[in-house]
J.: 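Mind looking over this structure? Questions follow.
Just so you know, these numbers use all the heavy atoms, side chains as well, and skip hydrogens, waters and symmetry mates. Letters go in sequence order (proteins before strands), and every chain restarts at 1. These figures come from a predicted structure and were not determined experimentally.
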Amino acid sequence: MDLYHQLIAQLEQFYNGSPFYVKFNLCASLLFFLMIFLFILFIVNTRYRKSVIEAKRKTIEKKLSGLINEYLFSDEYEEQPTEDFKNYLQQQSLAKEVAIEQFLIFTENFRGDYIERLRLLFEKVGLADYLFHILKKGFWAEKVKAVYVLSELNIKKRDDLIFPLLLSDHPKLKAHAILYFVKTADNKPLSFLGHLQDDLSLWEQIHIEHILRYYYLGEMPNFSLYLKHRLESVRIFAVRMIRLFNQFESTKALIPMLNEEEPEVKKEVIRTLTALNIIEALPFIMQALKTNVLLVQQEVLRAITEMGNYEMLVALDINLNNPSLAFAFEKAQYQLKLH
Amino acid sequence: MSTILVVEDNEMVANAVAFKLKREGYEVVLALDGREAKKELGQKKFELIITDIMLPYMNGIELIEYAKTNYPSIPIIVLSVANQEKMVMNAFQLGVEDFISKPFNPNELILRVKRVL
């Protein structure tokens, strides 16, 4: 003990007797070594935590694997293990995350009546209720995950919790709510459009088309049902979809829409009638030329180029003061002459 | 009792396939990647191999090539997603007996296994 006190006293003496720059160097070195030590400690701690979590994950996966296999494939299935696993999940949030992840993997890999059984088990172990709870009180990013899982597992018991998400300010949340409604629909995949209050962005329109093409399994909806929607973007979307899905039966409903006030809608209607080659609509399309909006006038000229003839074009009563319109007219003239 | 080697990198799916096959009376050995499967092939005699295509370290095609060269009598069923068209074609060119696309129905897998064995 005396030796220790002696050493400390010597060090103190040395420190006090040293010039400023030596004191500074000593302090800086000590600080540096302390930081290195803390950094190493941090890395070791992170690695340790990671390995603990990994070990927990393995345990949860093993338990879940046993439960799912018994539930799906065994004839001697008993309720008690499900109840036990439900209680186990309630105690740990990591267990819920891992279990949800694994249920998704099973859903991706299996088909047939196994999917229905997986869904039942998912509900039995309380994971569906957990997701509903997140939808009520969770952070928006958690809600995105919850909606995604519900759409993947086709759990559609609580649409009432997802309708409000269609009005969300977070684009991702709104996009996932749309995905949910289209993907889980047996028919009428666009019925959610009635709940919208804000216009659909172009990106959202593309997103809906993509889900309809690649995820929705039912019969394609009749898009003309949405031609009178109060939101302009929905009307535009419906007109585009009539064109992209070749719904010729809806073209009759499109012609009255040439009297629409919104130029974007009118332009889209003309483009669709042209793309579907509805020649009998041409006289109505030509009347739209009276609209003094360049966007619509250019579209009318394009329609005449595609479905009409040179005589129709030169007989038009059109004011060509606008250089862009004059250019479109000349282009149409040139193309029709070529034909 | 036939012994089947199941090669699948997702442990949960591998366990499910093994569970189902065991219930049907088969003996099952699991391998989580191509290298492990190669090792198992050298240690035990198998009557069938069921393999995924996308595997770590040594992919399914390399494994099939190896198995068809060194153990030509063992039939092989590929259990994989169908969007890897080129790989599926390669697998058939190498002489695999059957292909089941994911997502799959485990009952259908059993029927195909019975047909091949």
J.: Are any side-chain N or O atoms of Asn15(B) and backbone N or O atoms of Glu11(B), one a donor and one an acceptor, separated by less than 3.5 Å?
T.: yes
J.: Measuring heavy-atom distances to chain B, does Glu108(A) have an atom under 4.5 Å in its side chain, in its backbone, in both, or in neither?
T.: backbone
J.: Any side-chain donor-acceptor pair under 3.5 Å between Asp52(B) and Ser80(B)?
T.: yes
J.: Just wondering, do Phe163(A) and Asp159(A) contact through their side chains at under 4.5 Å, heavy atoms?
T.: yes
J.: Heavy-atom cut-off 4.5 Å, strictly under: side chain, backbone, both or neither for Phe19(B) against chain A?
T.: side chain
J.: Does the pair Asn87(A) and Gln91(A) meet the rule for a side chain to side chain donor-acceptor pair (under 3.5 Å), with working shown?
T.: CA-CA 7 Å; Asn87(A) 294 333; Gln91(A) 287 155 19; over 6 Å; no
J.: In terms of heavy-atom proximity below 4.5 Å to chain B, should Tyr114(A) be classed as side chain, backbone, both, or neither?
T.: side chain
J.: Chain A heavy atoms under 4.5 Å from Asn10(B): which part of the residue, side chain, backbone, both or neither?
T.: side chain
